[in-house]
2 protein chains.
Amino acid sequence: MRTCRKPSSAPLAAFLLVNAVSALKDDGMEELASEKEAEESHRQDSVNLLTFILLLTLTILTIWLFKRRRVRFLHETGLAMIYGLLVGVILRYGIPATSYHHKTPPSCTLKEGPASTLLLNVSGKFFEYTLKGEINSREIQNVEQNDMLRKVTFDPEVFFNILLPPIIFHAGYSLKKRHFFRNLGSIITYAFIGTATSCFVIGNLMYGVVKLMQLVGQLTEKFYYTDCLFFGAIISATDPVTVLAIFNELHADGDLYALLFGESVMNDAVAIVLSSSIVAYQPSGANTHMFDASAFFKSVGVFLGIFSGSFVMGAATGVVTFTKLHCFPLLETALFFLMSWSTFLLAEACGFTGVVAVLFCGITQAHYTYNNLSDESTKRTKQLFEVLHFLAENFIFSYMGLALFTFQNHIFSPIFIIGAFFAIFIGRALNIYPLSFLLNLGKRHKIRGNFQHMMMFAGLRGAMAFALAIRDTATYARQMMFTTTLLIVFFTVWVFGGGTTPMLSCENDYVYVFFQDGSQTEGQSKTKQESAWLFRQWYTFDHNYLKPILTHSGPPLTSTLPSYCGLLASCLTSPQAYESHEQLTDPDADLIRGDADLTFTFSDTAILTNGADAAFASGGSGWSANGKRSGSTSEEALERETDSREQELLSRGTRLVFPIEDHI
Amino acid sequence: MRTCRKPSSAPLAAFLLVNAVSALKDDGMEELASEKEAEESHRQDSVNLLTFILLLTLTILTIWLFKRRRVRFLHETGLAMIYGLLVGVILRYGIPATSYHHKTPPSCTLKEGPASTLLLNVSGKFFEYTLKGEINSREIQNVEQNDMLRKVTFDPEVFFNILLPPIIFHAGYSLKKRHFFRNLGSIITYAFIGTATSCFVIGNLMYGVVKLMQLVGQLTEKFYYTDCLFFGAIISATDPVTVLAIFNELHADGDLYALLFGESVMNDAVAIVLSSSIVAYQPSGANTHMFDASAFFKSVGVFLGIFSGSFVMGAATGVVTFTKLHCFPLLETALFFLMSWSTFLLAEACGFTGVVAVLFCGITQAHYTYNNLSDESTKRTKQLFEVLHFLAENFIFSYMGLALFTFQNHIFSPIFIIGAFFAIFIGRALNIYPLSFLLNLGKRHKIRGNFQHMMMFAGLRGAMAFALAIRDTATYARQMMFTTTLLIVFFTVWVFGGGTTPMLSCENDYVYVFFQDGSQTEGQSKTKQESAWLFRQWYTFDHNYLKPILTHSGPPLTSTLPSYCGLLASCLTSPQAYESHEQLTDPDADLIRGDADLTFTFSDTAILTNGADAAFASGGSGWSANGKRSGSTSEEALERETDSREQELLSRGTRLVFPIEDHI
């Protein structure tokens, strides 16, 4: 008899892994016992994966029920977590510990450290073994007792490399681009300075909590300052999920939406890179956990290097995806998908962060590539990524529910948990309010107090915080962080994710009026003057040069470049640009709300888009008549955009969808 | 220094695997060397996966070019293989053997046989190792020399569990269902008796070849009769890929198309199960490779058990997917996807063949579930599976090209290869001609000689044969089979896949007239009488009972069930059926050609469908007027279908798409 303890790999990964094991049966080993074991193991893996799929199926059916009955007190991700919790309870307490594997695996001793591959010599035959990881001595005990629970435990890297990319890409791809660029300054401020602030505030507060715990005698194992900072970084990543849900309810202004959504997307990117930099902070010498200036600056360098590298890589691939495969939507869609994936891999291959690269790839592709796609392909790509995103997100959230009961190294520390709740609250507050104050100093269109409160509470934690926390649960400190992160995600998703919408609906009139007021009467009339100088520069450059080069839309380069560049300009301009720049489509209109309201959106935005397009096209036809109008066009375009946006806003607010006449 | 030889896992699997390894760096091991190694390995994996993605990208771009320039001498899968070959050559000869891992992995000795998991004790710390497989002594040498080539080698089970399911599902989902069911008898005959014949003929011929090789002294290692039969089974799986391409060119009759496509899809299923049964053939006692009646019947039992089990499971899940999630296309699509996947897993968990289950799931879902989906979802699901299928197929084919140079255990045996080419030719001939003769005895609508030749040559080998062959390459015999299979796939795809279309185009007039003649003047007028009794029974039952219960279309049960079942009938009938049975849509029309012509199809079939629908709806409205007309309706429905089909055929043949008037 031989034991066959399954390693702690994920069903998905294990599915691949174990198939390798099951392939053994033909591999020359004639032993029936081993064959049966492999088959049993393969079956077990199928059952585990099936569990997750049925969980997702159940979630989908319930979401449908909720949507039909207009239940709104719970967000769908909260629902997925509840189902996950239930299944976790069943797995933990409902199923007796599996009995068919109950022996300790054989062990052998070597003097040298662990190699990736080990050869085992059994009476002349060689077998190849791959390193899975180190095992704590207490885990060796655990393992034998509770095989089942270990089996439903995923390889943490699956979250990072398989499930996060579609979620993040989708977020980038559905960013409201015009509003995003217009608010780029504020978004970057919140994302960089805000997240760093939040990280340091939380880190320091938690260090205080840890000291307190040591005083009280609640903490016996090591918990360094860098661990606290790491916790600050992972817990500063806010989730954009419910931002979409809330804003869909409120029909709020595009600028505010872009600010909130942009901030929550970008701070994910910052949080990842920040956490890598903190891990990279390894002071040399004796005091390995004290402050060391050179190590600190090295960390800052790592942060800047990884972030800018990932950014450049993502943006570059997004720009390169210069598809001309019109009329072949299948090929276009496949190409689009492959290019996005290759961004991820390229970044990983270069040592950057794939997830961050994918985010910027999504933003760039939405800005440029989207214009090159055929109508059929725009729909297809949007739908493809929508499905991937939907499945990945619900999978992560139901896994979170499951993990609360099936993860075997939870460390619940009441003081740490309570401290963390306070810390994230204070951290968020010190992120939002002071920065808003500073930003308001330089802004005419102020970020109002009401909206600041909203940003404060919309910062719930989700998939990213979880993926970062589960990535490393080797030490005591990390295990405690993981447990705490999980609880914080539960709390914020259930309370803020489900609760915000009804809460805001109660004071609906007030909020609604506020937003209408903020965005339309005061805001919109001043948009033109307010749009920052930098943004206008960027817009002009992008509109006159980048868009014509990279897409088939926009004014032909021949009309925007100085006349002495004539030859170059005509080389770079797509032949379609001459024909199509009259009907320059608004690439944003139908993207923005695609996710929020999963279904009804489609038909009504289609009409809205037409309306906006029509308005825009009629406005835009000035170019073809006048031939050349560079430079000043940006202002006009901005105004036109504002107009069409306003119409859209109005029709959204009232939910009355009607064909909009031209309005020159 | 420690070595870090990568195991022969796939980039995809390795990607997951190695991430586990790279997660080690935080796992408590503080050694920088190991960390760097893990990082290096992770990077290397990203690069490998990137290679494949760039290969696919290149393929897509070339396909696009070919499509635009109407190049037809090469099928796209043939193209993917060529690119794979080129990259394989570069990897093999262009890159010097990697030098950063050049040590033999450490080995340790145990008395007991290999366990799945091994613990390694390095000075008190325990590390967990997973069994990868046995290594031949010559491979240990290989491994060290050529790390790079091993790295691009996939885990064979990836093909079977990740890449085949979408391909097979798509084939099932796009089967021309009405014609498929009408020709079910012939298809099943070809698939079961034909494939078994082919398998045994090839197996026996190859056994002769093997004997010859032993005589000549070309074969020194063991090669059993069961190995020959196994080869017969895997090489009998024909690929439906080019069948689609060819028929799209010829605008051939639906019945002939269904026969050919159905045969090539179904024989994949038979071939898989047949090969498992041959592997399961293990006579007990001393003569382990002689004939043993009990073992033989056990194998037959295994075949029947696995096949029927997989069939039932697939059909059941297909029927169960009883979606009512109208208005929520995203949810519907996600649910549809999950249900199909869970079929695969469920079958694997029960010890059946997932791929076969997925095939029947696809067929059933296209027949029933498709009718329940909203318009939006029908498009979405079709497009989603189209993309998955397209990517998976091109991936497999480019991998095949790559494998010719990167697979390290090729055994090229000229006699075996030449013998195999003759054997598959003879095997196919003895499958098609005698069976066609027998089938023609009972048919009025004969399968003509010309069409038989066509079936003979359309039987090219593809993804399935490859996946079955690579699944096990442990022994000398299996390695020789793998090499031979690869060459046969190359030859048939390049010659038949690329060559058939232009060849047939040359004699286009002849073939075209033949098909028109065969299907229309003689065939169609007799369809009513010819359609087999069994088919008519099935059609009546399906149309009157199954469709109303399982879909929202079809006549309400209240009108088809006897009056004493009134209560039951009204419970089971969907409320929509009452409203919608007048406009009973033809679910086939737009499915059939969806794959063939990747792009232009969409718009013109849409119109065709409308035409067919209109005709059908107007014909079908007789029901609502007369209330109850069970039993006899099937004949009428058949006729109506034939009519509308004929119209469709005509408009297809001439490529003139016009709205068809009602024609009662």
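Protein chains get the first letters and strands the later ones, always in sequence-line order, with residue 1 at the start of each.
- The CD1 atom of A:Ile53 sits 11.5 Å away from the CG atom of B:Leu335 when rounded to the nearest 0.5 Å.
- With sequence neighbours left out, B:Leu346 forms a side chain to side chain contact (heavy atoms under 4.5 Å, CB included) with A:Leu50, B:Met313.
- Put simply, CD on B:Glu348 and CG on A:Leu49 are 11.0 Å apart, with the number rounded to the nearest 0.5 Å.
- Residue contact with chain B, scored on non-hydrogen atoms closer than 4.5 Å, involves the side chain of A:Leu391 exclusively.
- Taking A:Ser342, A:Ala334, A:Cys350, A:Ala349 one by one and counting their heavy-atom pairs under 4.5 Å with chain B, the maximum is reached by A:Ala349.
- Taking CG of A:Leu331 as the reference point, atom CD1 of B:Ile63 lies at 6.0 Å (rounded to 0.5 Å).
- Taking CG from B:Leu345 and CG from A:Asn48, the interatomic distance works out to 10.5 Å, rounded to the nearest 0.5 Å.
- Using a 4.5 Å heavy-atom cutoff, the side chains of A:Lys379 and B:Glu376 are not in contact.
- For B:Thr333, the part lying near chain A is the side chain, with the backbone staying farther off; criterion is any non-hydrogen pair under 4.5 Å.
- The distance from atom CD of B:Gln383 to atom OG1 of A:Thr381, rounded to the nearest 0.5 Å, is 10.0 Å.
- Under the 4.5 Å side-chain criterion, counting only non-hydrogen atoms from C-beta, B:Val387 is not in contact with A:Phe337.
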